[in-house]
There are 2 protein chains.
Amino acid sequence: MNRQTLEKFYRLKLKKPLKSSAKRSLVVEYFMNRDRHFSVEELYNEIRKMNFKISYSTVYRTLNLLTKLGLARECIFKDGMLRFEPVHGPKHHDHLVCERCGKIIEFEEPKIEKLQEEVARRHKFLVDWHRMELYGLCAECRKKEKL
Amino acid sequence: MNRQTLEKFYRLKLKKPLKSSAKRSLVVEYFMNRDRHFSVEELYNEIRKMNFKISYSTVYRTLNLLTKLGLARECIFKDGMLRFEPVHGPKHHDHLVCERCGKIIEFEEPKIEKLQEEVARRHKFLVDWHRMELYGLCAECRKKEKL
DNA sequence: TAAAAAATGAAAATGATTTTCAAAATCAAA
DNA sequence: TTTGATTTTGAAAATCATTTTCATTTTTTA
């Protein structure tokens, strides 16, 4: 998604003008290159490392904007810290989180999604989003555990 | 669980002495009467409403203590705020969260748990805890929506 | 009962996120 | 284009839930 597309999209969705901005484009560009969840700090550091001057305010602001537009999604794990992930179409994935090394593995399990829908129906609940996280030890940390 | 049991348990588990304390017992007592997740503020207010003088520090400290002992469990929903729930044996439940009215409904679905175990096995992952939350509109809010 | 250790509350510290505000950048339109 | 209006920006301040500090009080132990 390029700058013009984003601006058009924004105008349509939020019915407010949006001025073109190099800084925001920078954040959007780096955001688009991500395919997994990331912390704000991670994105901020990545942009900084490339020698672009930018502030946390702008990174937060842009990510919140992308979330309002439905292009990003917040995901808060057990540590309570805000993370974002790009929304690629309707396919949803869940997470395995290693409590020792912090590694996060994504997975999909359509059979679980089916059962979730069933639970929702049972409660007459209309689900628009869900999350599922399994916390424990990853394969590597289990190996180390045994030594 | 009474005061002595808690203290014995604590000594065994954390190998440190624990002095008896009326304030802590108060928090433990009110905690034990809960059977669902609650925010720290809720518990604090409940105790205050009964005309007991207590500080947030003590409430937080006691809940953290109970968590270390495995009697309470933290659960952080999408709003990022810390909540606790009592751990009643090994049975785990998941949540339906209404994004309009904030209501939280608990449910259990053993078939989902089975599938989760399968996913974990596939990734050679050892799960010790999980959470699953479905966000959307509850039955009542859907009705209102339609009016 | 005295000395040692732990618990308490108030206030300060923390740390992630948001807001404020003055200056800079962008846009619209004359 | 220049003007004037509006938006964006970054730095610093504000926020807000949670944790820590520390002086005081309470409990325990000897």
Side-chain angles (χ1 to χ4, degrees), chain A residues 3-4 6-11 13-31 37-45 47-48 51-69 72-84, chain B residues 3-4 6-11 13-31 37-45 47-48 51-69 72-84:
Chain A
R3 191 189 286 200
Q4 292 93 56
L6 178 73
E7 285 167 32
K8 213 184 287 176
F9 191 34
Y10 179 91
R11 260 174 261 255
K13 183 114 177 181
L14 299 190
K15 287 158 189 164
K16 283 210 309 181
L18 187 75
K19 283 187 180 168
S20 131
S21 141
K23 296 295 170 71
R24 182 165 47 220
S25 299
L26 203 58
V27 180
V28 172
E29 181 191 323
Y30 278 78
F31 166 78
H37 46 79
F38 57 87
S39 69
V40 179
E41 198 189 3
E42 272 162 33
L43 199 68
Y44 172 84
N45 286 337
I47 297 176
R48 279 275 170 165
N51 280 320
F52 291 111
K53 216 180 161 305
I54 198 151
S55 71
Y56 265 108
S57 313
T58 302
V59 178
Y60 273 107
R61 277 194 276 239
T62 305
L63 289 171
N64 286 337
L65 177 62
L66 290 168
T67 302
K68 266 199 205 112
L69 295 177
R73 180 192 290 130
E74 293 186 352
C75 46
I76 297 177
F77 294 108
K78 229 173 40 177
D79 64 8
M81 218 173 59
L82 193 54
R83 264 170 260 255
F84 289 88
Chain B
R3 191 187 288 199
Q4 292 92 58
L6 179 71
E7 285 166 33
K8 212 184 287 174
F9 191 33
Y10 178 91
R11 259 173 262 256
K13 182 114 179 182
L14 299 191
K15 288 157 186 162
K16 283 209 310 182
L18 186 75
K19 283 186 178 168
S20 131
S21 140
K23 296 294 170 72
R24 183 166 46 220
S25 298
L26 202 57
V27 179
V28 172
E29 182 191 322
Y30 278 78
F31 165 79
H37 45 79
F38 57 87
S39 69
V40 179
E41 198 188 4
E42 272 162 33
L43 198 69
Y44 172 85
N45 287 335
I47 297 175
R48 280 276 168 162
N51 280 320
F52 292 111
K53 217 181 159 307
I54 199 153
S55 70
Y56 264 108
S57 313
T58 301
V59 178
Y60 273 106
R61 277 194 276 242
T62 305
L63 290 171
N64 287 336
L65 177 63
L66 290 168
T67 302
K68 266 199 206 112
L69 295 178
R73 179 190 291 131
E74 293 187 352
C75 47
I76 297 178
F77 294 106
K78 229 173 38 177
D79 63 7
M81 219 172 59
L82 193 54
R83 263 169 261 256
F84 290 88

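To find a chain, count down the sequence lines: A is the first, B the second, and so on, and within it residues start at 1.
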Tell me the interatomic distance from [X], atom [atom1], to [N], atom [atom2], rounded to whole angstroms.
X	N	atom1	atom2	result
A:Leu63	C:dT19	CG	P	15 Å
A:Tyr60	D:dT8	OH	C1'	19 Å
B:Ile47	C:dT8	CD1	C1'	14 Å
A:Phe38	C:dA16	CZ	C1'	16 Å
B:Lys23	D:dT26	NZ	C1'	10 Å
B:Leu26	C:dG9	CG	C1'	15 Å
B:Tyr56	C:dG9	OH	P	13 Å
B:Asn64	D:dA17	CG	C1'	12 Å

Within this structure, what is the [atom1]-[atom2] distance for the pair [X] and [Y], rounded to the nearest 0.5 Å?
X	Y	atom1	atom2	result
A:Tyr30	A:Leu43	OH	CG	9.5 Å
B:Phe31	B:Arg24	CZ	CZ	14.0 Å
B:Leu66	B:Thr62	CG	OG1	6.5 Å
B:Thr58	B:Lys53	OG1	NZ	9.5 Å
A:Phe77	A:Ser39	CZ	OG	11.0 Å

Test side chain to side chain contact (heavy atoms under 4.5 Å, CB included) applied to A:Glu74 - qualifying residues, sequence neighbours left out: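 A:Glu74 satisfies side chain to side chain contact (heavy atoms under 4.5 Å, CB included) with A:Asn64, A:Thr67, A:Leu82, A:Phe84 once adjacent residues are dropped.
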Where B:His37 and B:Cys75 come nearest, the two heavy atoms and their spacing: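 Nearest pair, atom of B:His37 first, then B:Cys75: CB-SG, 3.8 Å.
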Residue that, paired with A:Tyr44, satisfies side chain to side chain contact (heavy atoms under 4.5 Å, CB included) out of A:Ile54, A:Leu63, A:Val27: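 Answer after filtering A:Ile54, A:Leu63, A:Val27: A:Ile54.
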Check: protein-nucleotides 11-15 of chain D nitrogen or oxygen pairs below 3.5 Å:
from   : atom 1 : to      : atom 2 : distance (Å)
D:dA11 : OP1    : A:Lys53 : NZ     : 3.2
D:dA11 : N6     : A:Ser57 : OG     : 3.3

Among C:dA16, D:dA17, C:dT26, the nucleotide that comes nearest once only the side chain of A:Ser20 is considered: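 Output: C:dT26.
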Closest listed nucleotide, where the reference is the side chain of B:Val40 and the choices are D:dT18, C:dA5, C:dA7: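 That would be D:dT18.
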Members of residues 74-84 of chain A that approach DNA chain C, where some heavy atom sits under 4.0 Å away: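 Hits under 4.0 Å, by residue number: A:Met81, A:Leu82.
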Short side-chain N/O contact to D:dT26 OP1/OP2 from B:Lys19, under 4.0 Å: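 Answer no for this pair, as no side-chain N or O of B:Lys19 is under 4.0 Å from OP1 or OP2.
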N or O in side chain of A:Ser21 less than 4.0 angstrom from D:dT7 OP1/OP2: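 Answer is no, no contact under 4.0 Å.
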Over 12 foreign heavy atoms within 6.0 Å of CD, B:Glu41: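 12 or below, so no.
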